[in-house]
Novice: 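What follows is a single structure, and I will ask about it in a moment.
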Amino acid sequence: MSPRKRRAWAIAGGLALLALATALVLNALQSNLVFFFSPSQVVAHEAPRHGSFRVGGLVEQGSVRREADGVTLRFLVTDTAHTVPVSYQGLLPDLFREGKGVVVAGKLDADGVFRATQVLAKHDENYMPPEAADAIKRAGNVATTGRAGAAPNSFASGEVAAANRPRTETR
């Protein structure tokens with residue numbers, strides 16, 4: 001085999017390995033990608049029906065119910081415009097409370113119940129995950145004015161105001 005053919009085979013083999021490595025990396029990234037949706041987007045069927053994603057908002061007051069097994073918890077996540085029923089089995093973060101910000105990760109069942117595999121609660125009284133705060137703000141804009149992008153008149157909770165304040169951390 002001539003040196004020219006060997007070089008061509010080496011380049012072709014290198015390109016094939018590069019393509020394989022790229023495909024494997026993209027596949028790994030795709031399977032670990034988790035998008036955030038508000039309850040309004042979930043109700044509008046903008047969220048994936050057969051994949052994992054996150055839902056964020058406020059835990060609706062009076063909605064937290066523990067099942068008889070003592071492990072399963074059911075509650076509603078709201079963005080003040082729409083609510084999504086959530087079912088979770090496991091231990092909750094210490095800061096999980098009704099009326100407070102939460103982000104849950106999991107999948108939506110065919111019956112419309114979000115089966116959470118992870119619950120993330122806000123970490124102090126002045127912070128809510130930015131995605132959840134934005135979703136509540138957008139839902140409030142639509143709910144109070146009937147159109148997106150308009151200034152809200154009021155919100156059902158002081159959480160949004162707290163989410164918009166600059167966050168200071170002390171260590």
Novice: Is there a side-chain contact between Val86 and Leu76 (heavy atoms, below 4.5 Å)?
Specialist: no

Novice: Quick one: NZ on Lys107 to OG on Ser52, what's the gap to the nearest 0.5 Å?
Specialist: 4.5 Å

Novice: Compare all side-chain heavy atoms of Val113 with those of Arg74 and state whether any distance is below 4.5 angstrom.
Specialist: yes

Novice: CD/Gln61 to OG1/Thr78 distance, rounded to the nearest 0.5 angstrom?
Specialist: 11.0 Å

Novice: In a check of side-chain contact (heavy atoms from CB on, under 4.5 Å) between Val102 and each of Val55, Val77, Leu95, Leu92, which one passes?
Specialist: Val77

Novice: Any non-hydrogen side-chain atom of Val119 less than 4.5 Å from a side-chain atom of Pro93?
Specialist: yes

Novice: Look up atom CG in Leu73 and atom CG in Leu91, then write down how far apart they are to the nearest 0.5 Å.
Specialist: 11.0 Å

Novice: Could you point out which residue of Phe53, Phe37, Tyr88 forms a ring pair (Phe, Tyr, Trp, His ring centres under 6.0 Å) with Phe114?
Specialist: Phe53

Novice: Going by distance alone, is a donor N or O of one side chain under 3.5 Å from an acceptor N or O of the other, for Thr72 and Gln89?
Specialist: yes

Novice: Any non-hydrogen side-chain atom of Phe75 less than 4.5 Å from a side-chain atom of Val104?
Specialist: yes

Novice: With a 4.5 Å cut-off on side-chain heavy atoms, are Glu98 and Leu58 touching?
Specialist: no

Novice: I want to check something: taking the side chain as every heavy atom from C-beta on, are Val59 and Lys100 in contact at a cut-off of under 4.5 Å?
Specialist: no

Novice: Hey, what do you get for CD (Glu46) to CZ (Phe35), rounding to the nearest 0.5 Å?
Specialist: 13.5 Å

Novice: Nearest 0.5 Å please: distance from the CZ atom of Arg6 over to the CE atom of Met1.
Specialist: 7.5 Å

Novice: Answer whether the closest heavy-atom distance between the side chains of Leu18 and Leu20 falls below 4.5 Å.
Specialist: no

Novice: So Leu108 and Arg49, do their side chains get closer than 4.5 Å, heavy atoms only?
Specialist: yes

